[in-house]
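In each ligand, atom 1 is the first atom listed, and ligand 1 is the first ligand listed. Atom set for the values below is all heavy atoms of this structure, side chains included, hydrogens, waters and symmetry mates excluded.
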Amino acid sequence: MEEKKCEDSMSLKEEKKSEDDQFHELYVKLPKKRLKSRLFAQYRGFWFEEQVLRGILAFRQHFEAQDSDIVVATMPKAGTTWLKALTFAIANRHKFPISESPLLSKNPHQLVLFLELNLYEKGKIPDPNSLNVAGGQRRIFGTHLAYQCLPDTVLDTSDCRILYLCRNPLDVFTSYVHFFYQNGAFPDLAEKSWEENFDAFCEGTNQYGPFWDHIKGYKEASLKNPNKVLFLHYEELKKDTKSCVKKMAEFLGCPFSPQEEDERVVEGIIKLCSLENLKNLECNKHGEIGMYNVKFSSLFRKGEVGDWANFLTPSMAERLESLMKEKFGESGFNLNIDP
Ligand code: A3P
């Protein structure tokens with residue numbers, strides 16, 4: 001028995017070592033770019049820090065999606081926390097009625113973990129039976145990864161659903177810089193001027209960038225396969241939350257029944273997940289998560305559309321707008337860039 005345990009642990013160690021070697025072999029060959037003290041490597045067209053990339057490769061290699069899984073995807077600062085909360089509340093509403101929702105006592109990022117940043121953090125391999133961390137009706141996962149980087153198990157070989165939330169990049173960038181200042185976990189980036197961070201954002205060399213290919217990947221996939229990918233806009237979600245929440249429920253195969261509508265369940269979910277409500281819950285005032293020690297309190301700021309106009313100079317806005325025209329065409333994917 002003891003011998004068997006020892007053999008198992010040796011083979012696990014060897015497997016880990018060979019994965020480390022494989023990672024290293026790949027990593028040395030990737031193009032690199034430095035941003036202050038951070039080194040980014042380009043993988044499949046997107047930029048990542050080494051420790052994030054380790055998680056990505058482990059996720060790609062070991063994760064097995066199930067047909068009932070839900071993956072929520074965003075660029076950082078596009079409204080991930082909101083999307084996680086809404087998706088969790090919608091998909092689990094029969095198990096967790098609003099008054100008993102785990103969202104009242106836990107941050108949305110504790111209930112819907114990121115695949116590459118939490119579950120497969122820095123290359124660790126979780127027990128496949130432990131992935132439903134919140135014990136919900138369905139497994140829900142988060143990712144900041146571009147569509148182009150997702151593994152086949154998510155894209156092709158399972159029927160899992162993907163919800164993508166897109167936000168006007170001008171507001172994403174504005175939120176991003178405030179987050180560096182507020183969170184305290186990125187002192188080197190907070191030290192940089194708005195202009196320096198802006199250059200990296202426009203060059204696409206920020207973590208998970210470039211934003212244009214990120215948005216394009218999900219947009220094109222949603223047009224090609226609308227039953228698989230639902231493309232949502234933060235601005236639309238703000239303007240008409242009710243329609244969007246209903247659309248999300250339909251897409252997930254759990255539309256609201258007439259009785260639920262009469263009982264105002266949709267409104268209850270919207271209120272539960274609102275910025276005001278989440279921000280003021282004790283569980284979101286303290287605590288942090290993940291390898292970047294993201295403080296829960298730093299995830300809730302203003303949540304306004306067009307806040308960029310208060311911070312970006314006209315020439316910065318012009319540069320980003322013309323970049324978007326160049327990348328997306330005149331339609332700009334209707335990103336609602338006017339404040
Ligand atoms: P601002 O910095 O513009 O206020 P992410 O969750 O991807 O990190 O994005 C954070 C942004 O989403 C912040 O934007 C934050 O205020 C906003 N946000 C967080 N929770 C929200 C909610 N429940 N409703 C609307 N916006 C929310």
- Query: What residues, two or more places apart in sequence or in another chain, satisfy side-chain hydrogen bond (donor to acceptor under 3.5 Å, both in side chains) together with R60?
  - Reply: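 Here the qualifying residues are Y43.
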- Task: Would you check if the distance from the ring center of F46 to the ring center of H144 is below 6.0 Å?
- Result: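 When the ring centroids of F46 and H144 are compared, they turn out to be at least 6.0 Å apart.
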- Y208 ring center within less than 6.0 Å of F48 ring center: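 Yes, the ring of F48 comes within the 6.0 Å limit of the ring of Y208, centre to centre.
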- Query: Is a side-chain N or O of K228 found less than 3.5 angstrom from the main chain of C160, in a donor-acceptor match?
  - Reply: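 Flag set: sc K228 to bb C160 pair under 3.5 Å.
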- If only atom types and distance count, is the side chain of S222 paired as donor or acceptor with the main-chain N or O of K219 below 3.5 Å?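 Yes, the answer is positive, given that a donor and an acceptor are paired below the 3.5 Å cut-off.
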Atom pairs, nitrogen or oxygen, ligand 1 to protein, under 3.5 angstrom:
from     : atom 1 : to   : atom 2 : distance (Å)
ligand 1 : 2 (O)  : S175 : OG     : 2.7
ligand 1 : 2 (O)  : R301 : NE     : 2.7
ligand 1 : 2 (O)  : R301 : NH2    : 3.4
ligand 1 : 3 (O)  : R167 : NH1    : 3.4
ligand 1 : 3 (O)  : R167 : NH2    : 2.9
ligand 1 : 3 (O)  : R301 : NH2    : 3.2
ligand 1 : 4 (O)  : K302 : N      : 2.7
ligand 1 : 4 (O)  : G303 : N      : 2.6
ligand 1 : 6 (O)  : T80  : N      : 3.2
ligand 1 : 6 (O)  : T81  : N      : 2.9
ligand 1 : 6 (O)  : T81  : OG1    : 2.6
ligand 1 : 7 (O)  : K77  : N      : 3.0
ligand 1 : 7 (O)  : A78  : N      : 3.3
ligand 1 : 7 (O)  : G79  : N      : 3.1
ligand 1 : 7 (O)  : T80  : N      : 2.8
ligand 1 : 7 (O)  : T80  : OG1    : 2.5
ligand 1 : 8 (O)  : K77  : NZ     : 2.5
ligand 1 : 9 (O)  : G79  : N      : 3.4
ligand 1 : 14 (O) : R167 : NH1    : 3.2
ligand 1 : 14 (O) : S175 : OG     : 3.4
ligand 1 : 16 (O) : R301 : N      : 2.8
ligand 1 : 16 (O) : G303 : N      : 3.4
ligand 1 : 23 (N) : C273 : O      : 2.9
ligand 1 : 23 (N) : L275 : N      : 3.3
ligand 1 : 26 (N) : Y234 : OH     : 2.7

- Query: Going by atom types alone, do D240 and S243 pair a side-chain donor with an acceptor below 3.5 Å?
  - Reply: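 On atom types as modelled, these side chains qualify, holding a pair under 3.5 Å.
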